[in-house]
Amino acid sequence: MSGRAPAGRSAEHLAQRLIAIRREMHRHPELSHEEFETTARIRGWLEAAGIRIASRYALRTGVIAEVGGLREGPVVALRADIDALPIQEETGLPFASEVPGRMHACGHDFHTAAIIGAALLLKEREADLRGTVRLIFQPAEEKASGARRVIASGALDDVRAVFGLHNKPDLQVGAFGIKEGPLMAAADGFRVEVEGRASHAAVPDAGIDPVVASAHIVTALQSIISRSVSPLQSAVISVTQLHGGTEWNIIPDRAEFEGTIRTFDRSVRSRVRERFEQVVRGTASAFGARAAIRWIEGPPPVHNDARLAKLAEAVAAELGLRAVVPVPSAAGEDFAVYQEQVPGLFVFVGTNGPQEWHHPKFDVDERALAPAAAFFAALAERALADARSAS
């Protein structure tokens, strides 16, 4: 099977190289849109392997590179994200973050190392590739804005299929979560300001209390999921902050709250947002208050292409890897933005981690790196062949 990881000493050498890359990234995390040193490191690793940088795609941070193109054929893409989070690491690892308040707590260092590994394997077979594998090392996934920057650069214009990955702490090493249809949720944010009229707390009838109005709004919002979404579908509304007032004996003139909505279906997403606005404004009005809503547009749902899922399952079987049907995650992923442009598949890679994403003690089992590299190299080759046959 083309794309299979090398055996014996070569396999161990690849595994150790990818572990070293992952740890170097882990020590030097950078936040979204600030990944300048990370970009330089990725370029250096790729150029040292003779992999060409596609400099025609202008990105402030992030790297686009290519393997193949020596023989005519289609273009497929492998994507990894490269940014870190504003979290103080608490793992105690010898390669822990050296940057205070910054950490690769979502495993983007793992993703990058795995796709670099796939690139190294593909480079060994470059003369045999009938087409081009484009490598997208994307910035600013955590801000849900990096994918749009990549698309604006033109790097997706001629791509026939795009593949991405995310580590999954609750899957064992060697397991690959492959599923057609919805896998991750649309992730929208909201901020609501409720305007009332201030008064002395001892004379509430002289004012309009935005705190009481906000409390009723927050409670009423929970009915949207139970009464406006089908029991056969799912959605989440979470209010995560609520602020109002300055003193214990003053009813304030305004209060505000914010949170997130998660949905897996575009029509449900639209319906929930519509009902949200009705509930917020209607409930505020019932208390004599006014409400203003600010939406924070997140990525759409990750929705995997059925044909590509079948290809991935076949590749996993041929490599002796275990394909499982994963439980969808209500977390958001801007890989979904690519899927609005071209067919795409997002895969969960088992890493058997001790904590969930975004935890200060998050870590991955590095034994998963080499299998992930082999899987995505083989998947890219299979996708090139599939795209040729479909032409």
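Under the 4.5 Å side-chain criterion, counting only non-hydrogen atoms from C-beta, Trp45 is in contact with Ile21. With a 4.5 Å cut-off on side-chain heavy atoms, Val349 and Lys168 do not count as touching. Between Arg130 and Leu384 there is no side-chain heavy-atom pair separated by less than 4.5 Å. Contact check for Asn304 versus Gln339: side-chain heavy atoms found under the 4.5 Å cut-off. Ile19 is listed as a side-chain neighbour of Leu369, based on a closest heavy-atom distance under 4.5 Å. Side-chain contact between Leu46 and Ile53: present, with at least one pair of heavy atoms (C-beta onward) separated by less than 4.5 Å.
A donor-acceptor pair shorter than 3.5 Å can be found between the side chains of His33 and Ser145. Between Arg275 and Ser228, the side chains place a donor N or O and an acceptor N or O closer than 3.5 Å (distance only, hydrogens not considered).
Residues Phe176 and Phe375 bring their aromatic ring centres within 6.0 Å.
Under the 4.0 Å criterion applied to side-chain N and carboxylate O atoms, Arg102 and Glu89 are not assigned as salt-bridge partners. The pair Arg307-Asp305 does not meet the salt-bridge criterion, since no charged nitrogen lies less than 4.0 angstrom from a carboxylate oxygen. With respect to Arg294 and Glu258, no salt bridge is recorded, no charged nitrogen being found less than 4.0 Å from a carboxylate O. Ion pairing between Glu277 and Arg273 fails under the 4.0 Å rule for side-chain N and carboxylate O.
Every pair passing side-chain hydrogen bond (donor to acceptor under 3.5 Å, both in side chains) that includes a residue from residues 181-194 is listed here, sequence neighbours excluded: Asp188-Arg269, Glu193-Arg254. For residues 230-240, no residue pair satisfies the salt bridge (Lys or Arg N to Asp or Glu O under 4.0 Å) rule, not counting sequence neighbours.
In this structure, the side chain to side chain donor-acceptor pair (under 3.5 Å) partners of Gln172, at least two apart in sequence or on a different chain, are Asn352. Not counting sequence neighbours, Arg17 has no partner by the side chain to side chain donor-acceptor pair (under 3.5 Å) test.
Heavy-atom minimum distance, Asp109 versus Arg22: OD2-NE, 3.0 Å. Taking every heavy atom of both residues into account, Ala373 and Leu18 meet most closely at CB-CD1, 3.9 Å.
Classification of the His26-Phe95 ring pair by plane angle, with boundaries at 30° and 60°, yields perpendicular.
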Exercise answer: donor-acceptor pairs, residues 64-83 side-chain atoms, under 3.5 Å, sequence neighbours excluded:
from: Glu66; atom 1: OE1; to: Arg56; atom 2: NH2; distance (Å): 3.3
from: Glu66; atom 1: OE2; to: Arg56; atom 2: NH2; distance (Å): 2.6
from: Glu66; atom 1: OE2; to: Arg134; atom 2: NE; distance (Å): 2.8
from: Glu66; atom 1: OE2; to: Arg134; atom 2: NH2; distance (Å): 2.8
from: Arg71; atom 1: NH1; to: Asp128; atom 2: O; distance (Å): 3.4
from: Arg79; atom 1: NE; to: Gln138; atom 2: OE1; distance (Å): 3.0
from: Arg79; atom 1: NH1; to: Glu333; atom 2: OE1; distance (Å): 3.3
from: Arg79; atom 1: NH1; to: Glu333; atom 2: OE2; distance (Å): 3.4
from: Arg79; atom 1: NH2; to: Gln138; atom 2: OE1; distance (Å): 3.2
from: Arg79; atom 1: NH2; to: Glu333; atom 2: OE1; distance (Å): 3.1
from: Arg79; atom 1: NH2; to: Asp334; atom 2: OD1; distance (Å): 2.8
from: Asp81; atom 1: OD1; to: His111; atom 2: ND1; distance (Å): 2.7
from: Asp81; atom 1: OD2; to: His108; atom 2: NE2; distance (Å): 3.2
from: Asp83; atom 1: OD1; to: His108; atom 2: ND1; distance (Å): 3.0
from: Asp83; atom 1: OD1; to: Glu141; atom 2: N; distance (Å): 3.3
from: Asp83; atom 1: OD2; to: Ser32; atom 2: OG; distance (Å): 2.7
from: Asp83; atom 1: OD2; to: Glu141; atom 2: N; distance (Å): 3.1
from: Asp83; atom 1: OD2; to: Glu142; atom 2: N; distance (Å): 2.9

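Other members of the hydrophobic cluster containing Phe257, listed by chain and number, are Phe190, Val192, Val194, Ile217, Val218, Leu221, Ile224, Ile225, Val229, Ile237, Val239, Leu242, Ile261, Val268, Val272, Phe276, Val279, Val280, Ile293, Trp295; membership follows side-chain contacts under 4.5 Å among ILVMFWY residues, whether direct or relayed.
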